[in-house]
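Since the structure comes first, as structure tokens, the remarks are kept for the end.
Everything numeric here is computed off the predicted structure, so don't read it as measured data. We count ligands from 1, going down the list as the structure has it; atoms in each ligand are counted the same way.
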Amino acid sequence: MIITIDGPAGSGKSTAARKLAAHLQIPYLDTGAMYRALAYLAVKDNIDLDDGPALLEMTRSAKLDLDCGPTHTRVRVNGEDVSEAIRTMEVSRATSPIARTQGIRDLLVGKQRELGYELGSFVTEGRDQGSVVFANADVHFVVDADLDCRAVRRWQELRADGEDVDLEEVRANLAARDANDAKQWAPLLVPGKAIRIDTSHMTIREVVACLVEHVHETIGK
Ligand code: DC
């Protein structure tokens, strides 16, 4: 069984995907972690974020390993476990240049399909999982929330991780990423049979209950 959850940054898709995978006891694939791991490497190696060919070269020689379980995706790049280090604002800012480099997207999409093949049954989340990478999935979800809600959620996560960031800065970062993402490289396409959920006024518990219900309805058919 393949379940895709697509949505913009801060929509709650990661938490929802992780909790749904834990509920179903199947692995969870966080594809944003792959883009983030490369962004982390680019920042660490001081690579010019405007130099697409250099970013692509870095990606080709990077060793990216993912460990996907029902409650986690852990990511290693060149042997270093960066699962926590990829969550900072600095890395978030560097992900757009990575994600808009088409050659990098092609490599990561290939890697996601390989991983999916190995995993068999899994929940995957990103912006393009249902529309591009696993268009043949059994259940497609698209989750969204309004910008203010997403900004508050992301700000709370960063603060919980000890980052002293301003809510307005987080909101501006999300708005900029939305605009870039939509225009340039990964429009959030809604697969024909996708189930759309607006999580703005839902608790995570309600979101997960809603996902579980739809999965049972679809699979039960
Ligand atoms: O979901 P996230 O915030 O961890 O994603 C990090 C960045 O990677 C974000 O700017 C969107 C991008 N991304 C993408 O282009 N395609 C994916 N499948 C997953 C993430």
Side-chain angles (χ1 to χ4, degrees), residues 2-18 21 28-43 49 52 55-56 59 64 66 68 72-75 77 82-116 122-135 137 140-145 147 149-151 153-158 161 163 165 170-191 194 199:
I2 303 177
I3 299 170
T4 62
I5 304 188
D6 295 2
S11 58
K13 65 182 184 303
S14 302
T15 313
R18 206 170 50 240
Y28 152 64
L29 171 58
D30 171 3
T31 62
M34 300 168 87
Y35 290 90
R36 286 173 175 272
L38 293 173
Y40 169 89
L41 191 59
V43 170
L49 295 172
L55 292 174
L56 183 55
T59 303
L64 204 54
L66 271 87
C68 304
H72 66 270
T73 296
R74 293 207 72 83
V75 57
V77 64
V82 294
S83 312
E84 278 81 34
I86 58 174
R87 303 291 160 196
T88 62
M89 272 296 275
E90 189 184 19
V91 172
S92 291
R93 274 188 225 107
T95 52
S96 282
I98 296 289
R100 69 170 173 246
T101 305
Q102 190 56 46
I104 297 182
R105 297 199 73 80
D106 294 343
L107 288 172
L108 290 189
V109 166
K111 196 158 176 64
Q112 288 156 18
R113 289 189 176 135
E114 264 171 40
L115 271 166
F122 57 96
V123 178
T124 180
E125 57 108 341
R127 305 181 55 82
D128 54 359
Q129 297 299 289
S131 55
V132 176
V133 189
F134 298 105
H140 297 283
F141 289 108
V142 173
V143 295
D144 204 353
L147 179 62
C149 291
R150 291 189 285 127
R153 285 178 190 163
R154 194 38 70 91
W155 177 69
Q156 284 170 339
E157 275 168 22
L158 288 163
D161 286 346
E163 276 211 58
V165 283
V170 176
R171 191 181 185 285
N173 172 269
L174 280 181
R177 278 207 279 161
D178 279 357
N180 272 337
D181 298 358
K183 265 191 264 153
Q184 296 180 20
W185 38 269
L188 198 60
L189 301 174
V190 179
T199 68

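- Distances from ligand 1 to the non-hydrogen atoms of M34 include no value under 4.0 Å.
- When R100, R36, R105, R87 are checked for heavy-atom proximity to atom 4 (O) of ligand 1, R36 turns out nearest.
- Side-chain rings of Y40 and Y35 stay apart, their centers remaining 6.0 Å or farther from each other.
- Within ligand 1, counting atoms from 1 as listed, the ones closer than 4.0 Å to a heavy atom of T95 are 7 (C), 10 (O).
- In this structure the side chain of T124 never reaches within 4.5 angstrom of the side chain of I5, judged on heavy atoms.
- The pair R18-D30 does not meet the salt-bridge criterion, since no charged nitrogen lies less than 4.0 angstrom from a carboxylate oxygen.
- Considering R36, R154, R87 as possible partners of S92, the one that fulfils the side chain to side chain donor-acceptor pair (under 3.5 Å) test is R36.
- Which parts of ligand 1 touch A99 is read off a 4.0 Å heavy-atom cut-off, strictly below it: atoms 15 (O).
- In terms of polar-atom proximity, T31 is counted as a contact of ligand 1, with an N or O under 3.5 Å from an N or O of the ligand.
- Note: no N/O pair closer than 3.5 Å links Q112 and ligand 1 by distance alone.
- A salt bridge does not link R93 with E90: none of the charged nitrogens is closer than 4.0 Å to a carboxylate oxygen.
- Numbered from 1 in the order shown, with element, the atoms of ligand 1 that lie under 4.0 Å from a heavy atom of D128 read 17 (C), 18 (N).
- A salt bridge links E84 to R74: one of the charged nitrogens lies within less than 4.0 Å of a carboxylate oxygen.
- The closest heavy-atom contact to atom 1 (O) of ligand 1, among the options Q129, R154, K13, comes from K13.
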Begin from the C-alpha positions of L29 and V123 and carry the test side-chain contact (heavy atoms from CB on, under 4.5 Å) through to its verdict.
CA-CA 6 Å; L29 171 58; V123 178; over 6 Å; no
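- For ligand 1 and G126, the ligand atoms under 4.0 Å from any heavy atom of the residue are 18 (N), 19 (C).
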